[in-house]
2 protein chains.
Amino acid sequence: MGAMSNVERAVSALRQMIFAGELPPGSDHLESELAEQLGMSRTPVREAALMLQAQGLVEMRPRRGIRISPVSATDMAEIYDILTELESLAAARAAQAQYSKSDLATLATAIRDMDAALAADDLRAWAEADDRFHRELVRLGRNARLSMVVSVMRDQVRRARATTLFMRPKPKQSNEDHRIVYQAIARGDVQTAHDTHHAHRQAARDMLVALLEKHQFHGL
Amino acid sequence: MGAMSNVERAVSALRQMIFAGELPPGSDHLESELAEQLGMSRTPVREAALMLQAQGLVEMRPRRGIRISPVSATDMAEIYDILTELESLAAARAAQAQYSKSDLATLATAIRDMDAALAADDLRAWAEADDRFHRELVRLGRNARLSMVVSVMRDQVRRARATTLFMRPKPKQSNEDHRIVYQAIARGDVQTAHDTHHAHRQAARDMLVALLEKHQFHGL
DNA sequence: GTATATGTTTATGTATACATTAATGTATGA
DNA sequence: TCATACATTAATGTATACATAAACATATAC
């Protein structure tokens with residue numbers, strides 16, 4: 001029925017704990033501890049940790065336990081550089097694909113939700129809709145591997161957001177950019193879709209890196 | 001001494017077998033079979049398979065065994081699209097970094113080796129030097145995550161090369177491109193480095209995809 | 001002959017036991 | 001006091017045993 005293996009349970013539980021900050025960046029955890037917490041044996045925990053390690057969320061170090069990977073300003077710069085290139089390509093491909101208005105409904109909804117969240121000053125809701133927009137954008141680019149890579153990178157960004165979301169300036173220009181990208185895709189303007197999104201992500205990168213550097217989240 | 005775990009041994013053995021074609025694309029293998037072949041228990045084989053799965057080399061399907069991932073023309077298009085963007089970024093960053101001639105020695109050597117291999121009509125040697133060039137280029141871009149992603153993608157390309165290397169036209173333009181990229185990096189010409197490499201990879205993509213499509217390597 | 005239900009097989013998912021080995025603590029000597 | 005060698009500890013790496021559940025085959029009904 002609820003055909004979900006313990007490994008899957010462990011993966012999503014650990015992810016949740018990491019994103020919630022319950023397992024703080026840089027902290028170490030024994031396989032046996034985590035296994036007990038999750039009510040299962042070490043085996044599925046180990047396998048889950050291997051998967052999360054492949055996604056850069058944890059590092060398994062011999063005899064030191066499972067370390068929750070820290071995210072430094074440098075890391076964030078690396079990640080955003082990758083996101084910038086790959087998402088821009090996805091935007092270009094989406095524009096090339098000649099999608100109909102109804103194909104783009106999810107994008108449009110996300111944009112409206114961001115507007116609403118911003119008007120209501122609800123940053124959490126904004127971040128959620130922003131995620132939704134970017135995920136859908138990449139999906140429209142129709143490259144399964146690219147989607148995978150981007151989603152792994154976005155996971156790592158998400159972890160820093162607890163820190164950055166309430167320190168960064170209100171994302172006003174951001175919504176403007178999204179709208180331009182959306183319209184470019186709708187009318188098949190490949191260049192504009194690509195370049196606008198590229199600039200959008202690059203701006204976000206510079207802002208976030210500066211923020212993290214300023215607040216000395218270097219090794220955290 | 002030779003501190004190498006069975007998991008590591010399993011990973012490199014399986015990689016070798018996959019690249020050598022000993023485990024053909026699309027074939028299925030039981031954990032227990034592989035374990036016996038490698039002279040170890042299922043546990044390290046399973047862990048190795050999980051890692052290779054994260055890199056897209058195999059797929060673990062419940063009760064069907066470990067499947068060696070096939071690489072179709074569509075897959076190749078996806079992979080090259082990613083390689084194109086990320087390697088071009090690396091080229092741009094390398095040009096930005098103002099490397100000295102001696103920093104670029106490895107690149108230069110790779111180019112010379114490609115020339116020599118081409119003159120001697122030794123395609124294997126050419127492919128090896130070509131790999132070396134691209135690996136070094138990415139390294140010079142100084143983005144650890146990007147290097148990782150690119151290396152995973154390149155592994156998948158390598159698997160198709162057994163098929164494509166001797167069917168494709170002689171890589172003559174290729175060497176020309178490499179030289180232009182090298183010179184652009186050496187003089188700090190970011191735009192040329194980026195654009196030339198971008199076009200270089202895109203041309204390779206189109207050629208390879210056409211080749212694979214023609215020879216109906218769709219599901220293989 | 002087809003389709004459904006039932007039984008059998010068997011590969012995997014998980015738990016557990018054990019071997020290995022790195023890290024820590026202790027003692028000895030200078 | 002400090003350094004080195006040794007013993008101890010304990011976490012991981014690996015093997016193994018077993019429960020589970022999917023795939024296959026068989027049989028039965030229509």
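Note on naming: letters A, B, ... go to the chains in the order of the sequence lines (proteins, then strands), and numbering restarts at 1 for each one.
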Proximity to the side chain of [X] - top-ranked nucleotide from [options]:
{"X": "B:Arg42", "options": "D:dT14, D:dA17, C:dA15", "result": "D:dA17"}
{"X": "A:Leu30", "options": "C:dT14, D:dT12, C:dT12", "result": "D:dT12"}
{"X": "A:Arg64", "options": "D:dA23, C:dA23, D:dT14", "result": "C:dA23"}

Please determine whether a side-chain nitrogen or oxygen atom of B:Arg46 lies at a distance below 4.0 Å from atom OP1 or OP2 of C:dG13.
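B:Arg46 to C:dG13 OP1/OP2: side-chain N or O found under 4.0 Å.
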Rounded distance in Å - [atom1] ([X]) to [atom2] ([N]):
{"X": "B:Arg61", "N": "D:dA21", "atom1": "CZ", "atom2": "C1'", "result": "17 Å"}
{"X": "B:Glu33", "N": "C:dT12", "atom1": "CD", "atom2": "P", "result": "9 Å"}
{"X": "A:Glu47", "N": "D:dT12", "atom1": "CD", "atom2": "C1'", "result": "15 Å"}
{"X": "A:His29", "N": "D:dA10", "atom1": "NE2", "atom2": "P", "result": "20 Å"}
{"X": "A:Glu59", "N": "D:dT12", "atom1": "CD", "atom2": "P", "result": "15 Å"}
{"X": "B:Glu8", "N": "C:dT20", "atom1": "CD", "atom2": "P", "result": "17 Å"}
{"X": "A:Asp28", "N": "C:dA23", "atom1": "CG", "atom2": "C1'", "result": "14 Å"}
{"X": "A:Met4", "N": "C:dT14", "atom1": "CE", "atom2": "C1'", "result": "16 Å"}

Using a heavy-atom cut-off of under 4.0 Å over every strand shown, decide if A:Met40 touches base, sugar-phosphate, or nothing.
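If one applies the 4.0 Å heavy-atom cut-off, A:Met40 turns out to touch the sugar-phosphate alone, with no base involved.
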Please report the C-alpha distance between A:Gln202 and A:Thr84 in whole Å, then the side-chain angles of each, then the deciding distance to 0.1 Å, and finally whether the side chain to side chain donor-acceptor pair (under 3.5 Å) criterion is met.
CA-CA 6 Å; A:Gln202 217 156 37; A:Thr84 300; 5.8 Å; no
Determine whether any donor atom in the side chain of B:Arg63 lies under 3.5 Å from an acceptor atom in the base of C:dA11, or the reverse, and answer yes or no.
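Side chain to base: pair present.
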Can you say whether a donor on the side chain of B:Thr43 sits under 3.5 Å from an acceptor on the base of D:dA15, or the other way round?
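Checked by distance alone, the answer is yes.
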State whether [X] and [Y] are salt-bridged, where the test is any N-O pair (Lys NZ or Arg NE/NH1/NH2 against Asp/Glu carboxylate O) under 4.0 Å.
{"X": "A:Asp28", "Y": "A:Arg67", "answer": "yes"}
{"X": "A:Arg145", "Y": "B:Asp75", "answer": "yes"}
{"X": "A:Asp131", "Y": "A:Arg161", "answer": "yes"}

State whether A:Phe19 and A:Arg158 meet the cation-pi test: NZ (Lys) or CZ (Arg) under 6.0 Å from the six-membered ring centroid, and within 45° of the perpendicular axis.
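Checked: cation-pi criterion met.
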